[in-house]
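Whatever order the structure lists ligands and atoms in, that order sets their numbers, starting from 1. Each residue takes its place number in the sequence, starting with 1. Just so it is clear, the model here is predicted, and its values are computed rather than measured.
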Amino acid sequence: MTARPLRLAVLISGRGSNLKAILEAIGAGRLAAQVVLVISNRPGAAGLDIAAAAAVPTAVIDHRQYPDRPAFEQALSSALDAAQAELVVLAGFMRVLTADFVHRYRGRLINIHPSLLPAFAGLDTHARALAAGATEHGASVHFVTAAVDGGPLIAQIRVPVQAGDTPDTLAARVLPAEHRLYPRVIGWYAAGRLVLGEDTVRLDGLPLAAPVQFTATGGLDE
Ligand code: GRF
């Protein structure tokens, strides 16, 4: 018996390379999911073209058209609920979400962040990792809570920092790692293996004491 594919909504603001990686994983049969809606808060985001090329429905919900954050989020929720999204995937979505919104989607809202959280929450992570002299960097996937980039961690992928790295060369090493990590984590959720419990992440029924670790050089096989 084949399980019904998980209904995903992906929220973007820009380039959409993680969206593309998710769509490719679905297309290749590596991820049992269906992207039912892509929402961008920015008109003209390149990721909208990626969605359209894959015949995925898109919506632009431009935050500037709403009087305040709750009104913007009401529009987001209406679209997500109308699409019957089961998991909401933030992929380069550059708006902070209110506690009300994240509470409403608790346990079915995830984000990818380009650092090894809790290090370097926020912006400019690659430059900040270099400035701090980090020898390792990477990306993290976490459930979203009201703490920006602070929700319970699910998995991380680590890449080495190399001598002479600039923020751009480091970003170019992290991004492909993100593209491997995110579909994998979404696949766990799709398979019913990943749950946000009362205060812990559970994978295969067991609480995660620490995020699952992958390295960019190693495989992602478990
Ligand atoms: C990624 O680095 C992601 O970790 C961060 O924003 C970037 C989005 O890139 N949250 P893309 O739009 O998926 O190409």
Side-chain angles (χ1 to χ4, degrees), residues 8-27 31 33 35 37-54 56 58-63 76 87-97 101-102 105 109-130 134 136-159 161 165-186 211-216 220:
L8 293 180
V10 183
L11 271 54
I12 64 168
S13 298
R15 180 177 55 184
S17 71
N18 277 286
L19 165 66
K20 185 159 182 273
I22 292 163
L23 289 167
E24 284 174 358
I26 293 170
L31 174 57
V35 179
L37 181 63
V38 170
I39 301 176
S40 173
N41 68 305
R42 292 207 182 117
L48 289 168
D49 298 332
I50 293 170
V56 169
T58 60
V60 172
I61 301 180
D62 183 346
H63 59 280
L76 282 183
L87 180 67
V88 180
V89 173
L90 305 184
F93 184 67
M94 299 301 287
R95 300 300 296 168
V96 172
L97 296 165
F101 184 92
V102 300
Y105 293 96
L109 178 61
I110 62 174
N111 181 45
I112 189 160
H113 180 79
S115 78
L116 297 173
L117 290 169
F120 313 120
L123 300 175
D124 301 322
T125 59
H126 308 303
R128 287 162 60 211
L130 289 175
E136 238 188 353
H137 189 44
S140 306
V141 177
H142 62 93
F143 281 108
V144 176
T145 63
V148 176
D149 299 329
L153 290 167
I154 303 165
Q156 298 183 316
I157 188 160
R158 312 178 88 86
V159 304
V161 175
D165 263 338
T166 65
D168 284 350
T169 61
L170 189 52
R173 198 170 308 119
V174 172
L175 194 61
E178 293 188 34
H179 298 161
R180 296 172 66 198
L181 181 65
Y182 217 3
R184 170 61 66 107
V185 172
I186 295 166
V212 179
Q213 298 293 319
F214 297 107
T215 58
L220 286 188

Can you give me the closest heavy-atom contact between E178 and A139, atom names plus distance?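 In this case the closest contact between E178 and A139 is CG-CB, 3.6 Å.
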Taking all non-hydrogen atoms of both residues, which atom of H142 and which atom of L117 are closest, and how far apart?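 Closest approach of H142 to L117, heavy atoms only: CD2-CD1, 3.8 Å.
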Is any N or O atom of [X], backbone or side chain, closer than 3.5 Å to an N or O atom of ligand 1?
X	value
N111	no
I112	yes
L175	no

Checking a contact table here: which protein heavy atom is nearest [atom], and how many Å away?
atom	answer
atom 9 (O) of ligand 1	R15 NH2, 3.0 Å
atom 8 (C) of ligand 1	G92 CA, 3.5 Å
atom 4 (O) of ligand 1	E178 OE1, 2.7 Å

Has the side chain of R158 got a donor or acceptor atom that lies under 3.5 Å from a matching backbone atom of Q213?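 No: the side chain of R158 does not pair with the backbone of Q213.
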Without swapping roles, check the side chain of T166 against the backbone of T169 for a donor-acceptor pair under 3.5 Å.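 Pair found, side chain donor or acceptor close to backbone of T169.
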Looking at non-hydrogen atoms alone, which of S17, S115, P114 comes nearest to atom 5 (C) of ligand 1?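 Selected option, by shortest heavy-atom distance: P114.
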Would you say the side chains of H113 and T125 form a donor-acceptor pair under 3.5 Å?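 The criterion, which ignores hydrogens and geometry beyond distance, is not satisfied for T125 and H113.
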Show me which atoms of ligand 1 lie under 4.0 Å from any heavy atom of G16.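 Answer for ligand 1: 11 (P), 12 (O), 13 (O), 14 (O).
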How about N111 and F93: do any of their side-chain heavy atoms sit closer than 4.5 Å?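 When only atoms from C-beta onward are counted, F93 and N111 do not touch, as no gap falls below 4.5 Å.
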